[in-house]
Amino acid sequence: MQPTSPDDWKRVLETALLGAQAALPVSTLRLLFDQDPGPETVRRLLDELRVDWEDRGVELLQVAGGWRFRTRPEYQIYLDRLKQERAPKYSRAVLETLAIVAYRQPVTRGDIEEIRGVSVSQGVIRTLESRGWIDVVGHRDVPGRPALFATTRRFLDEMGLRSLTELPPLTEIERIMDLVDLPHTPPTERSAENVDQD
Amino acid sequence: MQPTSPDDWKRVLETALLGAQAALPVSTLRLLFDQDPGPETVRRLLDELRVDWEDRGVELLQVAGGWRFRTRPEYQIYLDRLKQERAPKYSRAVLETLAIVAYRQPVTRGDIEEIRGVSVSQGVIRTLESRGWIDVVGHRDVPGRPALFATTRRFLDEMGLRSLTELPPLTEIERIMDLVDLPHTPPTERSAENVDQD
Amino acid sequence: MNLPLDLPPSETPEQAAAVARLYGEPLLSLPLDLYIPPDALEIILDAFEGPLDLLLYLIRKANIDILDIPMAPLTAQYLEYVEAMRASNLELAAEYLLMAAMLLEIKSRMLLPRPPRAVEDEDADPRAELVRRLLEYEQMKLAAAKIDAQPREGRDFEWIGVLVAEKVVERLPEVSLHDLQLAWLKIVRNARLNRHHTVQREELSVREHMTGILRRLGGGGFVVFDALFDRSLGAPGLVVSFLAILELVKERLVDVTQSAAFAPIYLRLSGHAADEP
């Protein structure tokens, strides 16, 4: 097998991506070729590949770490039939804490409690930490030096997201909140899209 | 997505096999369907699927545990190119431990810890032992009889040295360090180059 | 169960509600949805994530404009729940009581005539902080639902990682002499803080011989002194070997024995008391 045409190289790309255990960035995929075709050509081939797979049960996705094949969510009900155990369901406490960390990061446990209006149990934090979705990125420089939590790269990967900006946009409530004239949140329309800059 | 035609069900089969972590037997694959089509139909669909994938970089194989997708061996040379990039590196702890064993042998783990000023994990020692670069040449006659480590013949061979005396001399390094005399910055590229010329 | 309403005695629930105006219209009766059957309290307490969640539910179900909350009925309704929860001896989080106090305070402040000097209308509204918190919480609550709906590995999809044909030989890390030098540089730099390490070339050669001798003695038995010298090394080599043995003796790594004058000298690793030659 000696690839010559673009289609041949697409096969090589496809094979590498199907066999990879992690997302592959374009910079790595360029190494597949006899002669580096440059990032643009690789991206074009990847786009073609994505289109080739469009009506299949598997799709090519661009995630945080690069490109990766995954099964389409519509097919999960069939795949679940083969599974021994179901994926864990998380409580609202866990999900709300995750949402606050994701959209407001970096946040302390106190920040989370302030927003939720209830205390956040250590178990909730530990659930998210042991899943590898959040971790401590520093400490706020106030008495007690509380830990600052942020979401991890793994969180993005497992959600199939390239960056925090791809999180579902916050509901427009924020716009209404501007009307309330918040003392410490400057009004912005783009804050939903700008979570990573918060 | 509601599969109806045989082609639809082939997509489901393909998706399940691509997403599986292990070979799937026909008996398991039958569970995918709304109504069990029986083993014969599943086998026929699998055969068709195998033909569909014939000119791709991935093939559908029947192995001991059932059916499984696998990259074709002909593509291995391309996939190997991706591995090159991720040549593993030893941690600083491993390298420093190796340096201490090389220059100060025979040494106990306690000696290494004393010189490095931090504890040396069993993992570090095991890494070097399993690489065949250091081994135990005796025990110091003190309470606990700690093992004495030294570098091996193989270490010299793989380093391209005839004897330990060919290791880069340390007095030179220390002289350079005195000249450079950086209180807290690690040696710069300049001093590293100087060292190379020794 | 009859729930006590925390309302002034002169007010029937109708009157209390009528005091409130929703969107300018007098509210004659609380919307039905605002009431939850009391026997469902336990389930309700479980269903809510806290006082903000409960308040949001009351507000949203009653279709009340969150920016203009009728404090009296809301507070009354909220207190009803808190009271009922306490009456049923349900374990009530302190936050619910704290919120009750906050609602009562807001309600009473709204009953007070506004001081004329309070010009900044919006800031003066005692409900502003509550509204801000409710909206922020609701936003995060919705975001949580969206994150939960986001396709997630293992639950909604699987990553593809088909078997790779050949097991790739494990690549071992490369180490160069340069790496070793740099490693040593770091060690020395750190160690210099405490004391100075001087390792000399000759000493290294001695150390190499020490290792070699230890290997020869590795079996634990005795080895004749003479056998430890390799004559092909020449005089310097012999001297170094001898220095190595002395060093080993000094470091108490080997035992040297001689049964009588001019008898053969034997060496063995320290600590091996057994088998005499």
Side-chain angles (χ1 to χ4, degrees), chain A residues 1-5 7-37 42 45 49 52-61 65-84 87, chain B residues 1-5 7-37 42 45 49 52-60 66-87:
Chain A
M1 205 255 348
Q2 175 52 46
T4 46
S5 69
D7 271 357
D8 292 344
W9 284 112
K10 226 159 71 182
R11 287 281 155 271
V12 174
L13 272 177
E14 181 184 75
T15 306
L17 287 162
L18 284 171
Q21 299 304 311
L24 297 176
V26 170
S27 58
T28 300
L29 290 168
R30 284 162 66 182
L31 299 173
L32 286 169
F33 298 81
D34 289 337
Q35 286 176 342
D36 182 6
V42 174
L45 290 173
L49 207 50
D52 293 346
W53 279 84
E54 239 161 26
D55 54 350
R56 311 286 281 272
V58 164
E59 61 187 332
L60 182 55
L61 203 72
W67 292 72
R68 196 166 185 190
F69 275 110
R70 74 164 189 195
T71 60
R72 284 183 198 276
E74 306 94 276
Y75 282 74
Q76 195 62 32
I77 54 159
Y78 301 98
L79 306 196
D80 278 346
R81 295 176 183 174
L82 307 187
K83 274 193 177 177
Q84 301 299 317
Chain B
M1 205 262 337
Q2 175 53 45
T4 47
S5 70
D7 271 358
D8 291 345
W9 284 110
K10 225 159 71 182
R11 285 284 156 272
V12 175
L13 273 176
E14 179 185 76
T15 305
L17 286 161
L18 283 171
Q21 301 301 309
L24 296 175
V26 171
S27 58
T28 300
L29 290 169
R30 282 160 65 183
L31 300 174
L32 287 170
F33 297 81
D34 288 338
Q35 288 176 341
D36 182 7
V42 174
L45 290 173
L49 208 50
D52 292 347
W53 279 83
E54 238 160 26
D55 55 350
R56 312 287 280 273
V58 165
E59 60 188 331
L60 183 56
W67 293 72
R68 175 161 214 186
F69 275 110
R70 197 191 69 176
T71 61
R72 285 184 197 277
E74 307 94 275
Y75 282 75
Q76 195 57 35
I77 52 160
Y78 301 97
L79 305 195
D80 280 345
R81 292 177 183 174
L82 303 187
K83 312 274 174 201
Q84 302 297 325
E85 228 217 351
R86 276 171 272 153

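What you see below is based on every heavy atom in this structure, not just the backbone, and it leaves out hydrogens, waters and symmetry mates. Note on naming: letters A, B, ... go to the chains in the order of the sequence lines (proteins, then strands), and numbering restarts at 1 for each one.
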J.: Where does B:L18 contact chain A at under 4.5 Å (heavy atoms): side chain, backbone, both or neither?
T.: side chain
J.: For the residue pair B:L32 and A:Y75, establish whether any side-chain heavy-atom pair is separated by less than 4.5 Å.
T.: no
J.: To the nearest 0.5 Å, tell me how far A:D34 CG sits from B:I77 CD1.
T.: 7.5 Å
J.: Taking side chain as everything from C-beta outward and backbone as N, CA, C, O, which of these in B:F69 sits under 4.5 Å from a heavy atom of chain A? Side chain, backbone, both or neither.
T.: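 For B:F69, neither part sits under 4.5 Å from chain A.
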J.: With chain A as the partner, which of B:V12, B:L24, B:L29 has the greatest number of non-hydrogen pairs under 4.5 Å?
T.: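 So the answer, after comparing B:V12, B:L24, B:L29, is B:V12.
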J.: With rounding to the nearest 0.5 angstrom, report the CZ to CG distance, B:R30 to A:L82.
T.: 13.0 Å
J.: Quick one: closest heavy-atom pair of B:W9 and A:R81, and the distance?
T.: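 Of all heavy-atom pairs spanning B:W9 and A:R81, the closest is CH2-NH1, 4.5 Å.
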J.: For the OG1 atom of B:T15 and the CD atom of A:Q76, what is their distance to the nearest 0.5 Å?
T.: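 Atom-to-atom, B:T15:OG1 and A:Q76:CD are 10.5 Å apart.
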J.: Which value, rounded to the nearest 0.5 Å, describes the distance between B:D80 atom CG and A:L31 atom CG?
T.: 12.5 Å
J.: Rounded to the nearest 0.5 Å, what separation is found between the CD atom of A:Q2 and the CD atom of B:E74?
T.: 12.5 Å
